[in-house]
**Student:** 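Have a look at this one.
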Amino acid sequence: MQTKMTSVCRTRASSLRLILCCCFLLLATQPQQPRALAAAARWELLQSNIGIVAMHMQLLHNDRVVIFDRTDFGKSNLSLPDGKCRHEPTETVVVDDCTAHSVEYDVASNAFRPLMVQTDVWCSSGSATLDGSLIQTGGYRGGERQVRIFAPCSDGRCDWREMGNGLVARRWYATNQILPDGRQIVVGGRRQFNYEFYPKSSGASNVYSLPFLVQTNDRGIENNLYPFVHLNVDGNLFIFANNRAILFDYVNNKVVRTYPTMPGGDPRCYPSTGSSVLLPLKTTAQPTMNVVAEVLVCGGAPKGAFAQAMGGKFLGALNTCGRIRITDPNPQWAMETMPGARAMGDMVLLPNGDVLIINGVAAGTAGWEHGRNPVLNPVIYTPDGPAGGRFALQDPSGIPRVYHSTAVLLRDGRVLVGGSNPHIYYNFTGVIFPTELRLEAFRPPYLDPEHSGSRPRIIYPSSQAQIGYSQSFVVRFTVAGDVSLDAVAVTMVAPPFNTHSFSMNQRLLVIGSGKVANVGNSVFAAEAVAPGSRNLAPAGYYMLFAVHRGVPSEGIWVQIQ
């Protein structure tokens, strides 16, 4: 009996080894998958103290990030140079303030320098222009109608310039979107159910009514501030506020389409504060109607959460995302479930087309002391992945990033993360979440050294190249390891203005895919075609990447003119 059992066991073991061997051989002979990102993400601390809170961030085309917080909280931890001081008689905390409330962070040198703003930029908005300058609008009290310009420079001497009352309406918690003609539209803001343009057109009305913002306003709570605005491929604006959206023709001040209310009916905009992103646009040089546009809205807080938080009760955040194809004739929301609940999360488009969801809390809402249970683990969402399997949980940070946190993509593929200041006066003690002055970087899995053999390196064109609409061009790159010619793409990413969990003007376009040739000596050439219209990609600076098996190169700057 013992001999028989041993024989049976040996036979089964032999069969098992044969099966495993066959499975191994089968897997080994399968074509390599386009994406191979099983490696772990990493975090790195860049600065232990930048002196101010990173409430607002914008990457410029010289690889420097403009960061600022607010001027009415008193003195920051960073002095202005050369004896400079800001004198503001209406200020309630410090009339003469000799500390900075804005910095310029140099990515290459991991250094920063103080900048000087004259009026309060708290909870403002902005976007970059064709020439790469940051146009920044609105703010609080003395800053609510101001327009400020920061033009990048190489000598480290540039600073903010104020344009006086460049806005007609007070803009506090408003959203900016770059338009195809190069202007910015400034939408909404606290008690502002309208929009205006910058710069102004001569002879045109200054402010235009937008009843949709009245309809989405929850009395006493709002839930429609910092509305999610995306430029659709037809030139109209997708505007999401509270729990619903419209397609808006701003030229004729007309609602073109009303989208269904997101299932569940819970609010997603400030102060419930979810986030939104326009998913990657797979473009061609053909008419824009051939391009599909989809919007993803994730997280937020349930109805009543803000009022409950005011009373000391912190409701669990939402764990759902809604995805809608806004170019469909009969668009409907498709709901998905994140690995965990999240409010005040930031959504960042990565160069390979994935979406990073980072920062935030699992309970409460935006606002002073209203968030609880920081969510330390980022999530990566793969739009083209199978339904039910698009989310991947990442390794956590050790720094809570709650109210007033920010995140922006850098040209080297890292994500710069800063901020978190859920209280007043730069408090570091006696509060649940102290004022956070540290700056760190999240390194997605594609930056793991194990992917070095798959990582492209662009050798042509050079950075700061100029391209025209519908222009065909070649991107040449090298790869150290084996290359899958059918797993190469060329992408362009517009650097956004990030604040309050929304990245204004964030946009990724896939402009080349599959047309790749080996031109010798481990050099490869990928065909790309610049977007065919300003509706697809407003003129300005973009980061261009070569992506191989889901692993992006370091980007180069290109300017669409």
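Values reported hereafter were calculated over all heavy atoms of this structure, with side chains retained and with hydrogens, waters and symmetry mates removed.
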**Student:** Can you tell whether the side chains of Arg411 and Glu554 come within less than 4.0 Å, N to carboxylate O?
**Tutor:** yes
**Student:** Is there side-chain contact between Pro280 and Leu349, with at least one heavy-atom pair below 4.5 Å?
**Tutor:** yes
**Student:** Quick check: closest heavy atoms across Gly322 and Met262, and the distance to 0.1 Å?
**Tutor:** CA-CE, 3.9 Å
**Student:** Quick check: does any side chain N or O of Arg507 sit under 3.5 Å from a backbone N or O of Leu231, one acting as donor and the other as acceptor?
**Tutor:** yes
**Student:** Hey, what do you get for SG (Cys298) to CZ (Arg323), rounding to the nearest 0.5 Å?
**Tutor:** 10.0 Å
**Student:** Are any side-chain N or O atoms of Thr216 and backbone N or O atoms of Phe212, one a donor and one an acceptor, separated by less than 3.5 Å?
**Tutor:** yes
**Student:** Are any non-hydrogen side-chain atoms of Phe228 and Thr175 less than 4.5 angstrom apart?
**Tutor:** no
**Student:** Looking only at non-hydrogen atoms, find the nearest pair between Leu167 and Gly138 and report the distance.
**Tutor:** CD1-N, 3.7 Å
**Student:** Treating His56 as the side-chain partner and Ser125 as the backbone partner, does any N or O pair qualify as donor plus acceptor under 3.5 Å?
**Tutor:** no
**Student:** Could you tell me whether the side chains of Tyr198 and Arg171 share a donor-acceptor contact shorter than 3.5 Å?
**Tutor:** no
**Student:** Restricting to non-hydrogen atoms, name the atom on Thr283 and the atom on Pro531 that form the minimum distance, rounded to 0.1 Å.
**Tutor:** OG1-CA, 4.5 Å
**Student:** For residues Gln506 and Phe497, determine if any side-chain heavy atom of one lies less than 4.5 Å from a side-chain heavy atom of the other.
**Tutor:** no
**Student:** Is there a donor-acceptor pair closer than 3.5 Å between any side-chain N or O of Thr491 and the backbone N or O of Asn352?
**Tutor:** no
**Student:** Could you tell me whether Asp384 and Lys282 make a salt bridge, using a distance below 4.0 angstrom between a side-chain N and a carboxylate O?
**Tutor:** yes
**Student:** For the pair Thr327 (side chain) and Ala293 (backbone), establish whether a donor and an acceptor sit closer than 3.5 Å, ignoring hydrogens and angles.
**Tutor:** yes
**Student:** With a 4.5 Å limit on heavy-atom distance, are the side chains of Tyr226 and Cys123 in contact?
**Tutor:** yes
**Student:** Would you say the side-chain atoms of Asp266 pair up with the backbone N or O of Lys303, donor to acceptor, closer than 3.5 Å?
**Tutor:** yes
**Student:** Taking atom types as modelled, is there a side-chain donor on Glu222 or Tyr173 under 3.5 Å from an acceptor on the other?
**Tutor:** no
**Student:** Please check this pair: side chain of Gln177 against backbone of Leu237, looking for a donor-acceptor N/O pair closer than 3.5 Å.
**Tutor:** no
**Student:** I would like to know whether Val187 and Met504 meet side-chain contact (heavy atoms from CB on, under 4.5 Å); could you show each step before the answer?
**Tutor:** CA-CA 11 Å; Val187 181; Met504 305 172 194; over 6 Å; no
**Student:** Could you label the plane-to-plane angle of the Phe524 and Phe477 rings as parallel, tilted or perpendicular, counting under 30° as parallel and over 60° as perpendicular?
**Tutor:** parallel
**Student:** Can you list the steps and then say if Leu410 with Leu59 is a side-chain contact (heavy atoms from CB on, under 4.5 Å)?
**Tutor:** CA-CA 7 Å; Leu410 301 178; Leu59 173 68; 4.3 Å; yes
**Student:** What are the two closest heavy atoms between Asn498 and Ala407, and how far apart are they?
**Tutor:** OD1-N, 2.9 Å
**Student:** Do Leu544 and Ile511 touch side chain to side chain, with heavy atoms closer than 4.5 Å?
**Tutor:** yes
**Student:** Are Gln184 and Thr137 linked by a side-chain donor-acceptor pair shorter than 3.5 Å?
**Tutor:** no
**Student:** Do Cys321 and Tyr381 come within less than 4.5 Å of each other through their side chains, counting heavy atoms only?
**Tutor:** no
**Student:** Whether the side chain of Gln58 engages the backbone of Val66 through a donor-acceptor N/O pair (distance < 3.5 Å, no angle test) should be reported.
**Tutor:** no
**Student:** Check whether Arg268 reaches the backbone of Ser276 with its side chain - one donor and one acceptor, N or O, closer than 3.5 Å.
**Tutor:** no
**Student:** Is there a donor-acceptor pair under 3.5 Å between the side chain of Asp63 and the backbone N or O of Val107?
**Tutor:** no
**Student:** For a 4.5 angstrom cut-off between non-hydrogen side-chain atoms, does Cys269 reach Leu225?
**Tutor:** no
**Student:** Under 3.5 Å, which donor-acceptor pairs link side chains of residues 459-468 to any protein atom two or more places apart or in another chain?
**Tutor:**
unit_1, atom_1, unit_2, atom_2, d
Ser463, OG, Trp557, N, 2.9
Gln464, NE2, His61, O, 3.1
Gln466, NE2, Gln559, OE1, 3.2

**Student:** Could you pull out the closest heavy-atom pair between Asn236 and Val256, with the gap in Å?
**Tutor:** ND2-CG2, 4.0 Å
**Student:** Can you see which heavy atom on Gly126 is nearest to which on Asn505, and at what distance?
**Tutor:** O-ND2, 3.8 Å
**Student:** Around atom CZ of Arg257, are there more than 12 heavy atoms from other residues, nucleotides or ligands closer than 6.0 Å?
**Tutor:** yes
**Student:** Side chain to side chain contact (heavy atoms under 4.5 Å, CB included) with Ile380: which of Leu393, Leu356, Ile357?
**Tutor:** Leu356
**Student:** Scan residues 241-266 for pairs that pass ring-ring contact (aromatic ring centres under 6.0 Å, His included), counting only residues two or more places apart or in two chains.
**Tutor:** Tyr195-Phe248, Phe238-Tyr259
**Student:** Would His230 and Phe502 count as a close aromatic pair, with their ring centres under 6.0 Å?
**Tutor:** yes
**Student:** Would Gln394 and Trp43 count as a side-chain contact (heavy atoms from CB on, under 4.5 Å) if you check the C-alpha gap in whole Å, the side-chain angles of each, and the deciding distance to 0.1 Å?
**Tutor:** CA-CA 10 Å; Gln394 306 298 303; Trp43 290 86; over 6 Å; no
**Student:** Decide yes or no for Glu294 and Pro331: does some side-chain heavy atom of the first lie under 4.5 Å from some side-chain heavy atom of the second?
**Tutor:** no
**Student:** Does Val493 form a side-chain contact (heavy atoms from CB on, under 4.5 Å) with Leu409? I'd like the steps, not just the answer.
**Tutor:** CA-CA 9 Å; Val493 182; Leu409 175 70; 4.0 Å; yes
